[in-house]
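Every chain is numbered from 1, with letters handed out A, B, ... down the list of sequences. Note that the structure is predicted; figures quoted are calculated from it, not measured.
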Protein chains: 2
Amino acid sequence: MKGPAPRQMKGPAPRRRGRRPGGEDTRGAIVAAARTVFATKGYEAATVRGIARAAGVDPRLVHHYYASKEEIFVEAMDFPVLPTLVIAPAVEQGTDGIGERMVRVFFSVWDGPEQRERVIALLGSAMTSPQAARMLREFIAREIMVRVAAALGVPDPQLRVELAAAQMIGVAVVRYVVKVEPLASAPVEQLVPLLAPTLQRYLTGDPAGGDTAPR
Amino acid sequence: MKGPAPRQMKGPAPRRRGRRPGGEDTRGAIVAAARTVFATKGYEAATVRGIARAAGVDPRLVHHYYASKEEIFVEAMDFPVLPTLVIAPAVEQGTDGIGERMVRVFFSVWDGPEQRERVIALLGSAMTSPQAARMLREFIAREIMVRVAAALGVPDPQLRVELAAAQMIGVAVVRYVVKVEPLASAPVEQLVPLLAPTLQRYLTGDPAGGDTAPR
């Protein structure tokens, strides 16, 4: 990655509380420029400096509003939540019970009416726009997959993280988009014990999770 | 369902080999009318008779070209394959190894370049059109879920079938649409042993598949 390394956000992000609290125009200009830069260059090659240049502002001003490239992306794409913020706690507690924690993270992020719409919009844009798919792909790879995979001690950690993510993305498609019953209306507490062992097995290869293929 | 019960297709469908071999105009009119009827009434309430009426042809002519409402829908929606045709063999062999067979069915249906595009188009239309989502939902419920669920002996069979389908749909989204590596390029033979135990556990509740949630 070129340009100054964005600061990594560790704790909650007070800047993000209440969307665009002040400097509405400047933030709007940064976000609009960011959308163009991400669409043109992808997530990987985009830099805070490049976004600042496109917005016609000083990079320090961008850093004033956003702690990282991830934060700009999350606002530009209208993500329901900052991924690292919810993923870090689930990962940092170790692999014991990580499957259930990750399932709960997913549902906490997108099982509200407003979040559902954003998830649908995000998936829809990836379906219909190769540019959007590329941005999402690079963002997921850099900000999510690498972090979760690094916390695991299994072979092919990235592939396993993606299969776990695929399970939950598929649940989102069937539950929120196509809305097939009974999954569309099943309470989260009914789904957690069914889904948790799946993610546990992918993420840890736990033999109790049945990591041997049946005949 | 009103109207004459469509014949169920058991074996391969010679009619469908080579798309629209003859009677191009008539078949085209039937398919066009079917798209309108399915979009207006949904899959459940649509009938062969109603489609014939909308196309301005005799219902017997529709039956001449299509053995069932399912077949018309599959052609109208440009499905890559007739679902019951590939699902039946996987289910009829019993629950032993059904997870692996179902994983292989999914990949056989959509892991070619041309099929991928159709799957993406289908998912994309469901994302962006509530009508398309409804058609797909009703079709999946009636033609796929009921059949697979009936073959299983577990509690909540429909929910489990949907979780299995969600896993594979999510794989399709990550692999074909968002194209996150390494899942995008992983050979099917690497994915089958990872995915088969997941589907096996959902479909049979097999304790060897780890049906107990980890702490």
Q. Can you tell which of A:I169, A:V178, A:V174 has the highest number of heavy-atom pairs within less than 4.5 Å of chain B?
A. A:V178

Q.
For A:R160 versus B:L194, what's the shortest heavy-atom pair and its separation?
A. NH2-CD2, 3.6 Å

Q: Using a heavy-atom cutoff of under 4.5 Å, enumerate the residues of residues 132-141 of chain B that contact chain A, numbered in order, or state 'none'.
A: B:A133, B:L136, B:R137, B:I140

Q: Identify which part of B:Y176 has an atom lying under 4.5 Å from any heavy atom of chain A, answering side chain, backbone, both or neither.
A: neither

Q. A:A186 and B:L159: which non-hydrogen atoms are nearest, and at how many Å?
A. CB-CD1, 4.3 Å

Q.
Below 4.5 Å, heavy-atom pairs only: which of A:R175, A:Q190, A:E162 has the largest tally toward chain B?
A. A:E162

Q | Selection from B:A121, B:A126, B:P182, B:A172 maximising heavy-atom pairs under 4.5 Å formed with chain A | A | B:P182

Q. What part of B:L191 lies closer than 4.5 angstrom to a heavy atom of chain A: side chain, backbone, both or neither?
A. side chain

Q. Of all heavy-atom pairs between A:E181 and B:Q158, which one has the smallest distance, and what is that distance?
A. O-OE1, 4.0 Å

Q) Is it true that atom CD of B:E117 has more than 12 heavy atoms of other residues, nucleotides or ligands lying nearer than 6.0 Å? A) no

Q. For the residue pair B:Q167 and A:T198, what are the closest heavy atoms and their distance?
A. OE1-CG2, 3.9 Å

Q. Side chain, backbone, both or neither: which part of B:V177 has a non-hydrogen atom closer than 4.5 Å to chain A?
A. both

**Q.** Max heavy-atom pair count under 4.5 Å with chain A, selected residue of B:V173, B:L195, B:L183
**A.** B:L183

